[in-house]
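In what follows, a structure is listed as C-alpha cells, so that the remarks can point back to it.
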Amino acid sequence: QEMSQFIRLKGDVWTLLDNSKAEIVLLSGCYEDLLKAYLKSIDRIQMFDQVIGCTMQINRFKVKLHPYGRSKALFVDRNKYNIGIANEKNDRYYLNLCDEQIYIK
C-alpha cells in the first residue's frame with residue numbers, strides 16, 4: 001500500500017486492456033500475492049481473467065512457480081490468438097510465441 005503510490009502506470013496500456021473483449025491473463029515474475037494486492041489497491045484486479053505470478057511452496061522456503069524469461073513461454077496457449085505485452089528483454093522468448101508483440105520501455 002505504502003509503495004503503490006510510487007509505481008508509474010502506463011495509461012496507454014490500461015486503455016488497451018480496458019477496450020479488450022478478450023480473455024486477459026497477467027503473467028509476471030512478481031510475487032502473485034503482492035501483485036494481486038496491488039491490483040486490488042488500484043481497483044484493476046477485475047479486468048484480469050487470471051493472474052499468474054511467482055508462488056512459493058507450502059513451506060515458503062522453495063519457489064513453486066516463477067514465470068520469468070523462458071519459463072513464461074510455457075503459459076502461451078498456441079491454440080489462441082495471443083497479444084503479448086512485455087517490458088524486459090528476457091520476455092523475448094514469450095513474445096516470440098505471440099501473434100502480436102508490444103514492447104514497452
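This structure is a prediction, so every number in the text was calculated from the model and none was measured. Worth knowing before you read on, the calculation uses all heavy atoms, side chains too, and leaves out hydrogens, waters and symmetry mates.
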Between [X] and [Y], which heavy-atom pair has the shortest distance, and what is it?
| X | Y | result |
| --- | --- | --- |
| Val25 | Glu23 | CG2-OE2, 3.9 Å |
| Trp14 | Ile42 | CZ2-CD1, 4.0 Å |
| Cys54 | Pro67 | N-CD, 3.9 Å |

Between [atom1] on residue [X] and [atom2] on residue [Y], distance to nearest 0.5 Å:
| X | Y | atom1 | atom2 | value |
| --- | --- | --- | --- | --- |
| Asp91 | Gln101 | CG | CD | 12.0 Å |
| Tyr68 | Tyr93 | OH | OH | 10.0 Å |
| Arg78 | Cys98 | CZ | SG | 8.0 Å |
| Ser28 | Ile52 | OG | CD1 | 10.5 Å |
| Lys72 | His66 | NZ | NE2 | 8.5 Å |
| Leu26 | Glu32 | CG | CD | 9.5 Å |

Honestly curious: do [X] and [Y] fall in one hydrophobic cluster under the side-chain, below-4.5 Å linking rule?
| X | Y | result |
| --- | --- | --- |
| Ile85 | Val51 | yes |
| Ile102 | Leu27 | no |
| Leu35 | Leu17 | yes |
| Leu97 | Leu74 | yes |
| Leu95 | Val13 | no |

Check: So with a 6.0 Å cut-off around OH of Tyr31, is the heavy-atom count from everything else above 12?
Finding: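 Not more than 12 within 6.0 Å, no.
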Check: Does CD1 in Ile104 sit with more than 12 non-hydrogen atoms of other residues, nucleotides or ligands closer than 6.0 Å?
Finding: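 Counting neighbours around CD1 of Ile104, more than 12 heavy atoms of other residues, nucleotides or ligands fall under 6.0 Å, so yes.
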Beyond-backbone contact of [X] with [Y], side-chain heavy atoms, under 4.5 angstrom:
| X | Y | result |
| --- | --- | --- |
| Met56 | Val63 | yes |
| Tyr81 | Glu100 | yes |
| Asp18 | Arg44 | yes |

Margin query: Set out, in order, the CA-CA distance, both residues' side-chain angles and the distance that settles side-chain contact (heavy atoms from CB on, under 4.5 Å) for Tyr103 and Lys89, then state yes or no.
Written below: CA-CA 9 Å; Tyr103 182 74; Lys89 290 183 180 181; 4.0 Å; yes
Notebook entry, point to check: Any sub-3.5 Å donor-acceptor pair from Asn82's side-chain atoms to Asp99's backbone N or O?
Noted result: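 Not confirmed, Asn82 side chain does not pair with Asp99 backbone.
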